[in-house]
Amino acid sequence: YRFHYRNVGAAAISAKGGSILHLDLAEYKGKAEDTGIKVPNLRVLIGAHESGITVVRPINSKSTNDLLVATRDIILILEQHYKLPLIMRLHSDEERGIQKSEDFATEMASRAIRLTCCPGFGSSKAESAIARLSGKARAILSDIPLKPDLKPLIWPHAMSYVANLEALSK
């Protein structure tokens, strides 16, 4: 990931102080439908931009490194692919790998991105994106002719697919 393209001079920052990215984790927990087979915890990082575009990235764990890689990817996609204004603020709940990590804070500060959080409530934009995308992903998964114990394994990719479909319609 090369972020040296970020020109964070006064001209690059909008009157509102740049754009805001809302982050949250979503997890698929529990058993595969109608089988009773326990599946591993599957996670995605949701990046809901204030413009309404949402980007989803599957992650392996809640480690700072996995969250940092996924966050870089989300920022790159929003700023380079969708040509959105520079992200100057990253808002999330009190996720340990984001808000309580020195490495994460240092990396974001080096890119002139300020971290903010809302203890106890999280980010309503990201929470609503999770609810919206989860419902659509479940609908897609119900139509796929796969064994029920395999469907949870593709849930992270279904979430990403649904987010991409939504972004295309904006």
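Numbers here are sequence positions counted from 1.
- From K100, atom NZ reaches atom SG of C117 across 7.5 Å, with rounding to the nearest 0.5 Å.
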Apply the test side chain to side chain contact (heavy atoms under 4.5 Å, CB included) to residues D24 and K125: give CA-CA distance (whole Å), side-chain angles for both, the deciding distance (0.1 Å), then the verdict. CA-CA 9 Å; D24 204 357; K125 270 197 188 303; over 6 Å; no
Stepwise side chain to side chain donor-acceptor pair (under 3.5 Å) check, S19 with H49: CA-CA 8 Å; S19 61; H49 190 266; 3.1 Å; yes
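- Residues E79 and K83 are not paired through a salt bridge, judged by the lack of any N-O separation under 4.0 Å between the basic side chain and the carboxylate.
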Report the C-alpha distance between I53 and L78 in whole Å, list the side-chain angles of each, state the deciding distance to 0.1 Å, and finish with yes or no for side chain to side chain contact (heavy atoms under 4.5 Å, CB included). CA-CA 8 Å; I53 294 176; L78 290 170; 3.9 Å; yes
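- Nearest approach of L42 to P152, heavy atoms of both residues: CD1-O, 2.6 Å.
- Of all heavy-atom pairs between S142 and A139, the closest is OG-O, 2.7 Å.
- Checked by atom type, the side-chain pair Q99/S92 shows a donor-acceptor distance below 3.5 Å.
- Atom CG in L21 sits 12.5 Å away from atom CG in L86 (nearest 0.5 Å).
- Looking at R57 and V44, their side chains never come closer than 4.5 Å, going by heavy atoms from C-beta outward.
- Under a hydrophobic-cluster definition in which Ile, Leu, Val, Met, Phe, Trp and Tyr are linked whenever side-chain heavy atoms come within less than 4.5 Å, directly or via other members, I140 and L146 are assigned to the same cluster.
- Hydrophobic clustering of Ile, Leu, Val, Met, Phe, Trp and Tyr side chains at less than 4.5 Å, counting indirect connections, keeps V56 apart from L168.
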Steps toward salt bridge (charged side-chain N to carboxylate O under 4.0 Å, His left out) verdict (E166, R132): CA-CA 10 Å; E166 275 190 3; R132 187 179 70 251; 2.8 Å; yes
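- Across every non-hydrogen atom of A167 and Y82, the tightest pair is CB-OH, 3.2 Å.
- Between the CG atom of L45 and the OG atom of S160 there is a distance of 11.5 Å, given to the nearest 0.5 Å.
- The shortest distance between side-chain heavy atoms of I113 and M88 does not fall below 4.5 Å.
- Under the 30°/60° scheme for interplanar angles, the aromatic rings of H91 and H22 are found to stand perpendicular.
- Side-chain atoms of T71 and M108, non-hydrogen and from C-beta on, do get closer than 4.5 Å to each other.
- With contacts defined as side-chain heavy-atom distances shorter than 4.5 Å, the pair H157/P58 qualifies.
- With rounding to the nearest 0.5 angstrom, the CG atom of L68 is 7.5 Å from the OG atom of S101.
- Scanning both residues, R43 and N60, for their nearest heavy atoms gives NH1-O, 3.4 Å.
- Residues D66 and S61 bring a donor and an acceptor atom of their side chains to less than 3.5 Å of each other.
- In this structure, CZ on R114 lies 8.0 Å from CD1 on I20, to the nearest 0.5 angstrom.
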Before giving the answer on side chain to side chain contact (heavy atoms under 4.5 Å, CB included), spell out for I77 and D73 the whole-Å C-alpha distance, their side-chain angles and the decisive distance to 0.1 Å. CA-CA 6 Å; I77 289 167; D73 198 25; 4.0 Å; yes
Hey, mind stepping through M159 and W155 against side chain to side chain contact (heavy atoms under 4.5 Å, CB included) and telling me if it holds? CA-CA 6 Å; M159 291 283 285; W155 173 81; 3.5 Å; yes
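- Nearest heavy-atom pair across I46 and A26 is CG1-CB, 4.5 Å.
- When side chains are defined from C-beta on, E107 does not count as touching T64, because their heavy atoms never get closer than 4.5 Å.
- In this structure, E50 does not pair ionically with R89, as no charged nitrogen and carboxylate oxygen lie closer than 4.0 Å.
- Separating the CD1 atom in I98 from the CG atom in L23 is a distance of 5.0 Å, to the nearest 0.5 Å.
- Of the possible donor and acceptor atoms, none in the side chain of K136 sits under 3.5 Å from a partner among the backbone N and O of V162.
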